[in-house]
Amino acid sequence: MPEHYRALQGFKDILPDEQPYWRLIEKTAIEVTELYGYRRIETPTVEETSLFSRTTGEGTDIVDKEMYSFNDRPDKEGRSANLSLRPEGTAGVVRAYLEHGMFQLAQPVKLYYLREPMFRHDKPQAGRVREHHQFGCEALGESDPAVDAEMIGLLFQFYISMGLSNLHVSLNSIGDRNCRPQYLERLKEYYLPLLDTCCDDCQVRFYKNPLRLLDCKEPQDQARIAGAPKIADYLCEPCREHFAAVKRYLDLYDVPYQLDPLLVRGLDYYTRTVFEVISTTSKQALNGGGRYDGLAEILGGKSTPGIGFGAGFERISLELKRQKVAPPPEAGPCAYVVYFGKSAEMKDAAVRIVAELRHAAIKTEMGYGDRSAKSQMKQANTSGSAYAILIGEDELAGGYVTVQDLRAGKELALEAKQIKVQRDALIDYLQKA
RNA sequence: GUGACCGUAGCUCAAUCGGCAGAGCUCUGGAUUGUGGCUCCAGCGGUUGUGGGUUCAAGCCCCAUCGGUCACCCCA
């Protein structure tokens, strides 16, 4: 047993000082998604492993190397299901859509999830932890490219509303099951004669996931990538039209975007539109998303188009700090009750005042532990409280309290910043102050 | 999974050639027995990540291990 417990590698405490950033993200996300007609959904953190392996894809790193999977306790027959902490949000939402018959509702069904923990057993680094939190949207049951553009527009508005800039939207279409296989053949034809000069990773990619050949960062392979056939030139007519419409609608939404023919995304279920929003300064993707028109069928539902994205709280928070966006500060208390003297009667009176103020929804703190008057005043000051409510022998006897304005400077004489307020008039006084 | 750098008080960091583990901040108390920010004093706080090794002597050198940071892979 360890002598001192520590959070697990890649698992982070989200401390009070960090919370204002997360609150800003949450507040903005709720405002913007609901503006666009999305409704909140929360799905379980744990699902059957196969839900992810069948959708995200065998062969992807997420499924093959990074899932937290375990056997459940066996049932009466001794069978135990293999479960996983979810590595991403889309599969669970689509499962819920099918399970609850949401295909019966008016389509599309537009859903969002917020601050949902996701788990991937990666090696931690900047903007990457093993338990991370995502804000995501999913629009199910509609293939209209207006939905694609709307979602990207929503996302862009979300970032701008928080005060971020220096972001760009990367956009591509990776075709569908009609045209992508043909493109992949052409890509492999192109790469085959060059293969033995490619980097080791690309040798593997060629067989495992040829689309990712375009993702290679090795300098030596950049020239080959530049000369490779582009999927945009091989899209079938429906995909081409869909992509053209997405771009047109994005213009109507005033969303600036950059076409990136090398953007392919790592999850198997994507079709047609794929997008990321990338920080220009850190080069890191704050979110990733795309259309997944075949996903519901994989899960045994009828063919249902869908599109979604997941955005990482940790990365957004990092970017807010990098861009020096200050979240709204936490509100300090309005009143800080200070009591002079250590009699039980005195402390009872102090506790009673604190209770009355809090019941009246006035944010109130008090000194604890019978600290000295000076010490309590110091704490009142550092708490950021607007007023100190002083109660001592005189006040107790006279049925009043002394209210001291802490925002007034120390230089002011006591009389100038203190006022006697009758006990039963205190709430009224503070509410009007 | 691969690689680089780094682990000293709650936080930020000192410690000369290997020679008594320190400071600032925070917190607590005090500087006229009931009055805030500045100042001053004091206190709390450490098995120098852990385990070995070299040495008269290790925070410092060596090995291992754990952890952190960053990059790659991958991805939010």
Side-chain angles (χ1 to χ4, degrees), chain A residues 2-4 6-12 15 17 25 56 59-66 86-90 115-136 199-202 204-205 209 212 215-218 264-267 276-279 282-289 308-319 336 338-342 346 367 369 371-396 402-415 417-418:
Chain A
E3 270 187 54
H4 300 286
R6 300 175 52 93
L8 298 172
Q9 182 174 25
F11 288 73
K12 298 284 187 190
L15 298 172
D17 286 347
I25 298 168
T56 301
T60 62
D61 280 4
I62 291 178
V63 166
D64 289 353
K65 304 176 189 168
E66 299 174 2
R86 63 170 169 223
E88 60 97 32
T90 300
R115 202 176 177 158
E116 298 265 292
M118 309 289 169
F119 302 85
R120 295 180 199 174
H121 195 280
D122 244 355
K123 192 158 174 182
Q125 64 184 64
R128 195 170 74 191
V129 285
R130 289 181 174 177
E131 179 187 31
H132 72 280
H133 299 76
Q134 287 191 19
F135 153 50
C199 73
D200 293 350
D201 285 335
C202 282
V204 178
R205 291 188 183 105
N209 195 343
R212 302 206 67 86
D215 246 357
C216 184
K217 313 289 191 300
E218 288 293 327
V264 294
R265 309 277 320 142
L267 285 63
E276 289 178 350
V277 176
I278 297 166
S279 159
S282 74
K283 308 286 182 215
Q284 192 165 52
L286 300 180
N287 66 267
F309 69 83
F313 266 68
E314 285 82 357
R315 289 188 182 183
I316 296 168
S317 175
L318 263 181
E319 188 63 22
Y336 195 105
V338 171
Y339 57 99
F340 303 128
K342 297 182 178 178
M346 188 72 71
R371 285 180 172 75
S372 69
K374 188 189 188 78
S375 173
Q376 290 188 62
M377 286 302 291
K378 275 188 175 178
Q379 290 194 334
N381 186 61
T382 50
S383 75
S385 183
Y387 298 97
I389 312 298
L390 314 184
I391 179 163
E393 297 298 341
D394 294 347
E395 285 85 352
L396 202 57
T402 299
V403 177
Q404 179 165 327
D405 189 343
L406 292 174
R407 292 167 303 189
K410 175 85 189 282
E411 315 75 47
L412 270 179
L414 272 185
E415 304 79 57
K417 54 190 179 183
Q418 286 191 340

message: For Ile62(A) and Leu267(A): C-alpha separation, side-chain torsions, deciding distance, then whether side chain to side chain contact (heavy atoms under 4.5 Å, CB included) applies.
response: CA-CA 8 Å; Ile62(A) 291 178; Leu267(A) 285 63; 4.0 Å; yes

statement: Assign each of Ala408(A) and Glu66(A) the nucleotide of RNA chain B bearing its closest heavy atom; nearer the 5' end lies the nucleotide of Ala408(A)

- prompt: Does the Glu131(A) side chain pair with the main chain of Met118(A), one donor and one acceptor, at a distance under 3.5 Å?
  reply: no

message: I'd like to know if Glu116(A) and Arg86(A) make a salt bridge, using a cut-off of under 4.0 Å between side-chain N and carboxylate O.
response: yes

query: What integer number of Å spans the C1' atoms of C20(B) and A57(B)?
result: 12 Å

task: Mind checking Leu286(A) for me? I need base, sugar-phosphate or nothing, with any heavy atom below 4.0 Å counting as a touch.
output: sugar-phosphate

field: Touch class at under 4.0 angstrom, heavy-atom based, for Asp64(A) against every strand present
entry: nothing

message: Does Gly288(A) reach a base, just sugar-phosphate, or nothing at all? Heavy atoms under 4.0 Å.
response: sugar-phosphate

message: If the threshold is 4.0 Å, N to carboxylate O, is there a salt bridge linking Glu276(A) and Arg265(A)?
response: yes

- prompt: If the C1' atom of C75(B) is compared with that of G1(B), how far apart are they to the nearest Å?
  reply: 15 Å

- request: Using the P atom as the reference point in each nucleotide, state the distance between G18(B) and C56(B) in Å, no decimals.
  value: 16 Å

- line: Note: for Phe313(A) and His121(A) on RNA chain B, the residue whose nearest nucleotide lies more 5' is His121(A)

query: Pairs in or reaching into residues 379-393 of chain A: which pass side chain to side chain donor-acceptor pair (under 3.5 Å), with residues at least two apart or in two chains?
result: Tyr336(A)-Gln379(A), Tyr387(A)-Arg407(A)

task: Using a heavy-atom cut-off of under 4.0 Å over every strand shown, decide if Gln404(A) touches base, sugar-phosphate, or nothing.
output: base

Just the atom pairs and distances: protein N or O near nucleotides 25-31 of chain B's N or O, under 3.5 Å.
from, atom 1, to, atom 2, distance (Å)
U28(B), OP1, Gln379(A), NE2, 2.5
G29(B), OP2, Ser375(A), OG, 2.8
G30(B), OP2, Ser372(A), OG, 3.1

- request: Spell out yes or no: do the side chain of Arg315(A) and the base of C75(B) have one donor N/O and one acceptor N/O closer than 3.5 Å?
  value: yes

task: Mind checking side-chain contact (heavy atoms from CB on, under 4.5 Å) for Ala408(A) and listing every partner two or more places apart, or none if nothing turns up?
output: Asp405(A), Leu412(A), Lys417(A)

Protein N or O to nucleotides 64-69 of chain B N or O, pairs below 3.5 Å:
from, atom 1, to, atom 2, distance (Å)
G67(B), O2', Arg6(A), NH2, 3.2
G68(B), OP2, Gln9(A), NE2, 3.1
U69(B), OP1, Lys12(A), NZ, 2.8

task: With P as the reference atom in both, quote the distance from A14(B) to G52(B) in angstrom, rounded to an integer.
output: 28 Å

- prompt: If you measure from the P atom in A58(B) to the same atom in G37(B), how many Å do you get, rounded?
  reply: 46 Å

message: Can you check the distance between U48(B) and G67(B), where both ends of the measurement are the C1' atom (answer in whole Å)?
response: 15 Å

Rounded distance [0.5 Å steps], OG in Ser279(A) versus CD in Gln284(A): 8.0 Å

- prompt: So Val338(A) and Gln404(A), side chain to side chain contact (heavy atoms under 4.5 Å, CB included) or not? Walk me through it.
  reply: CA-CA 10 Å; Val338(A) 171; Gln404(A) 179 165 327; over 6 Å; no

query: For the side chain of Arg212(A) and the backbone of Val264(A), is there at least one donor-acceptor N/O pair under 3.5 Å apart?
result: no

- prompt: Could one point to a donor on the side chain of Arg120(A) or the base of C74(B) with an acceptor on the other under 3.5 Å away?
  reply: no

- request: Looking at every strand, decide which applies to Asp61(A) at a 4.0 Å heavy-atom threshold: base, sugar-phosphate, or nothing.
  value: sugar-phosphate

- prompt: With sugar-phosphate meaning primed atoms plus P, OP1 and OP2, does Glu395(A) contact a base, only sugar-phosphate, or nothing at under 4.0 Å between heavy atoms?
  reply: base

query: Closest approach of Leu406(A) and Met377(A), non-hydrogen atoms and distance?
result: CD2-CE, 4.1 Å

task: May I ask you to say what Gly127(A) touches in the nucleic acid, namely base, sugar-phosphate or nothing, with a heavy-atom cut-off under 4.0 Å?
output: base

- prompt: Just by distance, do the side chain of Asn287(A) and the backbone of Gly310(A) share a donor-acceptor pair under 3.5 Å?
  reply: no

- prompt: Given the rule that a pair is Watson-Crick or G-U wobble with both distances under 3.5 Å, how would you write RNA chain B in dot-bracket, using | for pairs to a different strand?
  reply: (((((((..((((.....[..)))).(((((.......))))).....(((((..]....))))))))))))....

Do any N or O atoms of the protein come closer than 3.5 Å to N or O atoms of nucleotides 9-11 of chain B, and which pairs are they?
none

- prompt: Between Arg130(A) and Asp122(A), is there a donor-acceptor pair closer than 3.5 Å when you use the side chain of the first and the backbone of the second?
  reply: yes

task: Would you indicate what Arg212(A) reaches in the nucleic acid, counting non-hydrogen atoms under 4.0 angstrom: base, sugar-phosphate, or nothing?
output: sugar-phosphate

- prompt: Say you pick atom C1' in G46(B) and the same atom in U50(B); how far apart are they, in whole Å?
  reply: 15 Å

task: Remember a base hit wins even if backbone is also touched, and classify Val129(A) as base, sugar-phosphate or nothing at under 4.0 Å, heavy atoms.
output: base

message: For Gln376(A) versus Arg371(A), what's the shortest heavy-atom pair and its separation?
response: NE2-O, 3.1 Å

Rounded distance in Å between the P positions of U8(B) and C61(B): 14 Å

- request: Look at all strands and tell whether Ala285(A) reaches a base, only sugar-phosphate, or nothing, counting heavy atoms closer than 4.0 Å.
  value: sugar-phosphate

task: Report yes or no: does Arg315(A) contribute a side-chain atom to a donor-acceptor pair with the main-chain N or O of Ala285(A) at less than 3.5 Å?
output: yes

